[in-house]
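The structure appears right after this line, and notes come after that.
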There are 2 protein chains.
Amino acid sequence: MDETDRRLIAALQRDATTAYAALGKEVGLSAGAAHERVRKLRERGVIRRTTVDVDPAALGQGVLAFVMVESSAWMGDSADAFAAIPEIVEAHVIAGSASVLVKVRTATTEQLQDVLRRLYAIEGVRGTQATVSLETFFERPVAALDPSATPKAL
Amino acid sequence: MDETDRRLIAALQRDATTAYAALGKEVGLSAGAAHERVRKLRERGVIRRTTVDVDPAALGQGVLAFVMVESSAWMGDSADAFAAIPEIVEAHVIAGSASVLVKVRTATTEQLQDVLRRLYAIEGVRGTQATVSLETFFERPVAALDPSATPKAL
DNA sequence: GTTGAAATAAACCACAA
DNA sequence: TTGTGGTTTATTTCAAC
């Protein structure tokens, strides 16, 4: 996992359709070498998958909200209950007063309300606190190149 | 934007390296027709880009936090100030007591603290409230197929 | 939308540093 | 162990229908 790997990752984050020849050129390697490095990054799980970034609004999911879920019990093995709600795109166990933080995308605020209803149906859920996003400044991949994030010690 | 487009999108979200021949087979189309539909989805901006999903921990960014940023002024055109902090992977203007909600990835909690310092340096920022994620249950793409999210009226 | 052919890229390999 | 260059295989891309 050196600087070249990070540059390959950054290039693939920008555009994963880039040909290996062009990818190699960008980092000073042959197509074959670039291919081999990317293959290993996938094999090691550094690159989890190749996917497409879709505009949620185009799929009719223009409403974005973050919901703090408070619970009366340990929520550590409730992942499946949250995953069963398709409108939830992220779920994290958090430190602090709430127990789980979920990110929700729906078409309308009525549907958001219905998601809250289904959240309350989860065993141990005591309350919810929803925060609606008015505008998304940006959503971007984790920085592969930022120096402050990649101490030399690693 | 019909059911076939949604199925193509769902397949590409799962694995964007799928060949058009296999993609077409999955939705009952020839490779050429599948290719043409995907090309149009890209052109219309429904599919924004093809990218790779990278494990943040493998990049040495194992700490995830959500930070509510309170402000004393309108933050609506401060997107650039937030984007200038590379550890911020998402920034949303929100309704409620705080003004902006940001998602932050760092290597250590010390670096998280440094991000908070840089947030305070942004014009108009009055306070921050950080919530650290203890465990991520899941992070997944927006649902392309869920019926509740795609009313027939659209 | 389909089929089929040409252009292009991916995957694989033997060899070299 | 990692990279190079060439060969084979597969896919993308672009016709004509």
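None of the values given here were measured: they were computed from a predicted structure. Proteins come first, then strands; the chains are lettered A, B, ... in the order of their sequence lines, and each starts at number 1.
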Rounded off to whole Å, could you give me the CD-to-C1' distance for the Glu36(A) and dA9(C) pair? 17 Å

Identify whether any heavy atom of Arg39(B) sits under 4.0 Å from a base atom; if not, whether one sits that close to sugar-phosphate; answer base, sugar-phosphate or nothing. nothing

Could you check whether any side-chain N or O of Arg7(A) sits under 3.5 Å from a backbone N or O of Leu145(A), counting only pairs where one atom can act as donor and the other as acceptor? no

For Ile85(B) and Val102(B): C-alpha separation, side-chain torsions, deciding distance, then whether side-chain contact (heavy atoms from CB on, under 4.5 Å) applies. CA-CA 11 Å; Ile85(B) 302 177; Val102(B) 302; over 6 Å; no

Under 3.5 Å, which donor-acceptor pairs do the side chains of residues 36-47 of chain A form with other protein atoms, sequence neighbours left out?
| unit_1 | atom_1 | unit_2 | atom_2 | d |
| --- | --- | --- | --- | --- |
| Glu36(A) | OE1 | Arg39(A) | NE | 3.2 |
| Glu36(A) | OE2 | Arg39(A) | NH2 | 3.0 |
| Arg37(A) | NH1 | Asp2(A) | OD1 | 2.9 |
| Arg37(A) | NH1 | Asp2(A) | OD2 | 3.4 |
| Arg37(A) | NH1 | Asp5(A) | OD1 | 3.0 |
| Arg37(A) | NH2 | Asp2(A) | OD2 | 3.3 |
| Arg39(A) | NH1 | Glu43(A) | OE2 | 3.4 |
| Arg42(A) | NH1 | Thr50(A) | OG1 | 2.8 |

For Lys25(B) and dT2(C), give me the distance from atom NZ to atom C1', rounded to whole Å. 16 Å

Name the pairs: protein N/O against N/O of nucleotides 4-7 of chain D, kept only if under 3.5 Å.
| unit_1 | atom_1 | unit_2 | atom_2 | d |
| --- | --- | --- | --- | --- |
| dT4(D) | OP2 | Ser30(A) | N | 2.8 |
| dT4(D) | OP2 | Ser30(A) | OG | 2.8 |

Just report the end-to-end axis angle for the helix from dG1(C)-dC17(D) to dA17(C)-dT1(D), five pairs per end, to 10 degrees. 30°

Separation of dA10(D) atom P from Leu23(B) atom CG, nearest Å, is 19 Å

Taking side chain as C-beta onward, heavy atoms only, is His35(B) less than 4.5 Å from Leu23(B)? no

Do Arg105(B) side-chain atoms and Ala143(A) backbone N/O form a donor-acceptor pair below 3.5 Å? no

In whole angstrom, give the distance that lies between atom CE of Met1(A) and atom C1' of dT2(D). 17 Å

Could you state the atom-to-atom distance from CZ of Arg37(A) to P of dA10(C) in whole Å? 18 Å

Got Val100(A) and Val125(A) here, is their nearest side-chain heavy-atom distance under 4.5 Å? no

Going only through I, L, V, M, F, W and Y residues with side-chain contacts under 4.5 Å, is there a path from Phe137(B) to Val89(A)? no

Would you tell me if any nitrogen or oxygen in the side chain of His35(B) comes within less than 4.0 Å of OP1 or OP2 on dT13(D)? yes

Do Leu59(B) and Met1(A) have side-chain heavy atoms sitting under 4.5 Å apart? yes

For the side chain of Tyr20(A), starting at C-beta, report the closest nucleotide among dA11(C), dA9(C), dG1(C). dA11(C)

Min side-chain heavy-atom separation Glu90(B)-Thr136(A) under 4.5 Å: no

Give a yes/no answer on whether the side chain of Lys40(A) brings an N or O atom under 4.0 Å of OP1 or OP2 in dT1(D). no

